[in-house]
Amino acid sequence: MTVTPFQQRVYAAVSLIPKGKVATYCGVADSLGCGSARAVGQALRANPFAPRVPCHRVIAASLTLGGFQGQREGAAVERKRRLLADEGVVFKAGKLAEPGRIFLFTECHHEK
DNA sequence: AGTCGCCACGAAG
DNA sequence: CTTCGTGGCGACT
């Protein structure tokens, strides 16, 4: 299996997301200096580092769950929602209930 | 090596 | 809701 350097960066960034919080594809992309959240989604689509990289903590900027395990909706997404709920991240009507749960990568940039 | 089309997104119409 | 923009990558040529 080939892991591109870009994917490696994506996985590294996602791994930084603490339990109980979530990040957006846009946020991850931005922390990577990438202008396309879609590229991030494509990288996470077939996540080879399953439990290592908590890809379930990555949601869409519109506060929707996004996708999971290659599915944009369906049972997999529901599983994702449950995983997040188990960490304290609750969703309401398919949307994140508490936006305060969003993890900003800027918190790591230690102001400069 | 150059091109084309696809994608777990996002903003705009 | 639909359409376009974006960045990166696999499949073909």
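As the structure is a computational prediction, the values presented were derived from the model and not from experiment. The chains referred to below are lettered A, B, ... by the order of the sequence lines, with proteins before strands, and numbering in each begins at 1.
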Considering every strand and a 4.0 Å limit on heavy-atom distances, what is the contact class for [X]: base, sugar-phosphate, or nothing?
| X | value |
| --- | --- |
| A:Phe6 | sugar-phosphate |
| A:Gly35 | sugar-phosphate |
| A:Thr24 | nothing |
| A:Arg72 | sugar-phosphate |
| A:Ala37 | sugar-phosphate |

ask   = Can you find a side chain N or O atom of A:Thr4 that sits less than 4.0 Å from OP1 or OP2 on C:dC9?
value =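 It does, given that an N or O in the side chain of A:Thr4 lies less than 4.0 Å from OP1 or OP2 of C:dC9.
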
Whole Å only: how far is the [atom1] atom of [X] from the [atom2] atom of [N]?
| X | N | atom1 | atom2 | value |
| --- | --- | --- | --- | --- |
| A:Arg57 | B:dA8 | CZ | C1' | 17 Å |
| A:Gln8 | C:dC9 | CD | P | 12 Å |
| A:Leu44 | C:dC9 | CG | C1' | 14 Å |
| A:Gln7 | B:dC7 | CD | C1' | 13 Å |
| A:Leu65 | B:dA8 | CG | P | 15 Å |
| A:Arg45 | C:dG7 | CZ | C1' | 16 Å |
| A:Glu73 | B:dC9 | CD | P | 11 Å |
| A:Ile17 | B:dA8 | CD1 | C1' | 14 Å |

request  = Can you figure out which of B:dA8, B:dC9, C:dG7 approaches the side chain of A:Lys80 most closely?
outcome  = B:dA8

query = To the side chain of A:Gln42, which of B:dA8, C:dG7, B:dG10 is closest?
reply =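 Comparing B:dA8, C:dG7, B:dG10 against the side chain of A:Gln42, the answer is C:dG7.
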
task = Output yes when a side-chain donor or acceptor of A:Ser15 lies under 3.5 Å from a complementary backbone atom of A:Tyr11, and no otherwise.
result =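 Yes, the answer is positive, given that a donor and an acceptor are paired below the 3.5 Å cut-off.
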
request  = Please check if the side chain of A:Lys19 supplies one atom and the backbone of A:Gly88 the other of a donor-acceptor pair under 3.5 Å.
outcome  =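 Not confirmed, A:Lys19 side chain does not pair with A:Gly88 backbone.
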
inquiry  = Distance check, rounded to the nearest 0.5 Å: A:Phe68 atom CZ versus A:Leu44 atom CG?
reply    = 10.5 Å

ask   = Is any side-chain heavy atom of A:Leu84 closer than 4.5 Å to a side-chain heavy atom of A:Arg81?
value =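 Sidechains of A:Arg81 and A:Leu84: no contact.
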
Side-chain H-bond candidate by donor/acceptor type, A:Arg79 with A:Gln69, under 3.5 Å =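 A pair is found: one side chain offers a donor N or O, the other an acceptor, under 3.5 Å apart.
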
request  = Taking all non-hydrogen atoms of both residues into account, name the closest pair between A:Ala37 and A:Cys26 and its distance.
outcome  = CB-N, 3.7 Å

Basic-acidic side-chain contact under 4.0 Å: A:Arg57, A:Glu87 = yes

task = Can you tell me which stems involve DNA chain C, if a stem is defined as three or more consecutive Watson-Crick or G-U wobble pairs, both distances under 3.5 Å?
result = B:1-7 with C:7-13, B:9-13 with C:1-5

task = Report yes if a donor N or O on one partner sits less than 3.5 Å from an acceptor N or O on the other, where the partners are the side chain of A:Arg38 and the base of C:dG8; otherwise report no.
result = no

